[in-house]
K.L.:
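Before I ask anything, let me first share the structure, which is written out below as structure tokens.
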Amino acid sequence: MKYNFDEIIERAGTYSVKWEQAGGSCLQYQNPDQKLPFQIADMDLPCPEPLIQALHKVVDHRMYGYSFASAESRYAQSIIDWYKRRYDLKINREWIICANGSIEGVNGAIRAFSNVGDGIMIARPVYGHFTECIEEDTYRKVIDCHLINNNGYYTMDWEKFEDLCSVPTNRIFILCSPANPVGRVWSKEELKKIIAICKKHNVLLVSDEVHCDIISKDTKHHPILTMTEDYSNIILVTAINKTFNTAGLICANVIIPDPCLRGIYKKEFGLKLTTPFSIGALISVYNDCDDWLYQVNEYIEGNIDFAIAYLKEHLPGVKVRKPEGTYILWLDFSEYGLTPEEIHSRIYKTAKVILQDGTVHDPIGGGQFQRMCVPCPRPILEEALMRLAKVF
Ligand SMILES: Cc1ncc(COP(=O)(O)O)c(C=O)c1O
């Protein structure tokens, strides 16, 4: 079926984090007093029809008791088939561990494979919540191997990465692949180099690939497990949440091929219950929703192209590079010569557009940046861009 992603669906009163923060109504988006939110990585676009039918089926059963995914063989099979079909990756059933969200999966790895006070490496600018995982959830230390910004195209600092990996207390590298917020889809060569350096220094590589299916048409994502046959220090975290806009169902999967790693992880992590809704959802989206995903990717890429063209014409001082993957724009306001507070005030207070301050993802270097998630109906995006243009 053909989806109409221009349709504006009301989210007020539906507990949406994004729209609660905006304090109002999507349908009022043209009202200048209505704040427009782009800070959270979920979509304001309708979910796939087969998914909606699958969820109805769960509802109609009239019982929603304790549930675990491993009791349903189609759950693992759907993941196996999805990865084989889309990425030519062969996953074995026993490698799969269901988690209540990717963050829980990442936290499990940190707890299982490091000690309080150990260093956990990340490459900022990177998804700000990793910092909370490391510092607040598990009491480890953030070790930042800062990316190099080549005119908006971010790359690893290889020398620094190798140096940091060689420190024995730096136990884990959390790779964001594709990278939120900088939009990189790491190349085969980059991934192989990361794997080799981690292996050489006995660092556990945790690859968070929750953004892997939202990708520009000229790009290909490579799951980390397709880049090597030596799985002895690699964990893949994946989810249906970003791809199919099901973050509210909290359904993620941790894939651990190595039996020894998996044993340690499971001991730390225990058997996680999930909901019948997550199980039904995953089976549906991984089997029946390719068509929706194709259309949503096209629509999102259209939004990205539209936003970049608009910014180029009306806000040429904002530097932005087209992301290779994700639905996230990483906007650089440094040409305006303003303080981070002035940038924030113009956007959030005067334009009434809610983005996310760059410091969330890069506390030291992010002051001139704002993150904008654009998987929304185009009229709302257009209104927000018009407001931004007026205040700069
Ligand atoms: C890189 C990355 N990992 C994890 C998450 C959170 O995922 P989940 O809702 O599955 O915990 C996000 C959400 O934006 C993300 O961008």
Side-chain angles (χ1 to χ4, degrees), residues 15-18 21 37-44 47 69 79 96-111 120-134 136-138 142 147 154 172-186 205-215 221 223-224 235-255 269 272 274-275 277-279 281-282 285-286 300 323-330 354-358 360-362 366 369-376:
Y15 337 109
S16 151
V17 172
K18 181 181 191 174
Q21 282 174 5
F38 297 84
Q39 79 284 33
I40 302 284
D42 71 12
M43 302 183 191
D44 295 321
C47 284
I79 300 168
I96 301 168
I97 300 166
C98 172
N100 293 319
S102 321
I103 285 305
E104 188 186 78
V106 170
N107 275 344
I110 297 174
R111 287 209 178 89
I120 309 295
M121 290 176 279
I122 52 178
R124 287 172 172 155
V126 75
Y127 178 49
H129 207 98
F130 287 161
T131 299
E132 281 165 58
C133 292
I134 297 166
E136 291 167 31
D137 299 346
T138 62
V142 168
L147 297 172
Y154 286 78
I172 299 175
F173 176 50
I174 305 174
L175 172 68
C176 195
S177 172
N180 165 15
V182 299
R184 278 300 318 281
V185 174
W186 306 107
L205 175 54
V206 177
S207 187
D208 175 333
E209 303 189 10
V210 301
H211 290 278
C212 65
D213 304 305
I214 302 294
I215 209 102
H221 167 77
I224 198 77
I235 290 178
L236 166 62
V237 179
T238 183
I240 61 170
N241 298 347
K242 300 290 161 209
T243 310
F244 295 100
N245 197 26
T246 54
L249 297 175
I250 314 188
C251 178
N253 292 286
V254 183
I255 316 286
F269 200 60
K272 290 289 168 185
T274 183
T275 73
F277 296 96
S278 309
I279 297 170
L282 181 136
V285 295
Y286 275 173
I300 288 170
E324 294 167 326
T326 80
Y327 42 56
I328 293 165
L329 298 179
W330 184 235
I354 307 177
L355 304 182
Q356 199 169 50
D357 289 327
V360 170
H361 309 284
D362 185 5
F369 290 83
Q370 293 285 329
R371 188 187 86 152
M372 183 174 200
C373 299
V374 298
C376 63

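Ligands are counted one by one from 1 in listed order, and the atoms in each one are counted from 1 as well. Quick caveat, the model's predicted, so the values are computed rather than measured.
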K.L.:
Please confirm whether the backbone N or O of R184 pairs with a side-chain atom of Y154, one donor and one acceptor, at under 3.5 Å?
P.N.:
no
K.L.:
Taking salt bridge (Lys or Arg N to Asp or Glu O under 4.0 Å) as the definition, give me every residue that meets it alongside D44, ordered by chain and number, with sequence neighbours left out.
P.N.:
R11, K18
K.L.:
Fit a plane to each ring of W330 and F369, take the angle between them on a 0 to 90° scale, and name the class: parallel (under 30°), tilted (30 to 60°) or perpendicular (over 60°).
P.N.:
parallel
K.L.:
What does the 4.0 Å heavy-atom contact list look like for ligand 1?
P.N.:
A41, G101, S102, I103, Y127, C176, N180, D208, V210, H211, N241, K242
K.L.:
Please check: side-chain N/O of T138 versus main-chain N/O of C133, any donor-acceptor pairing under 3.5 Å?
P.N.:
yes
K.L.:
In terms of relative ring orientation, are H361 and Y127 parallel, tilted or perpendicular, with 30° and 60° separating the classes?
P.N.:
parallel
K.L.:
For the side chain of R371 and the backbone of Q39, is there at least one donor-acceptor N/O pair under 3.5 Å apart?
P.N.:
yes
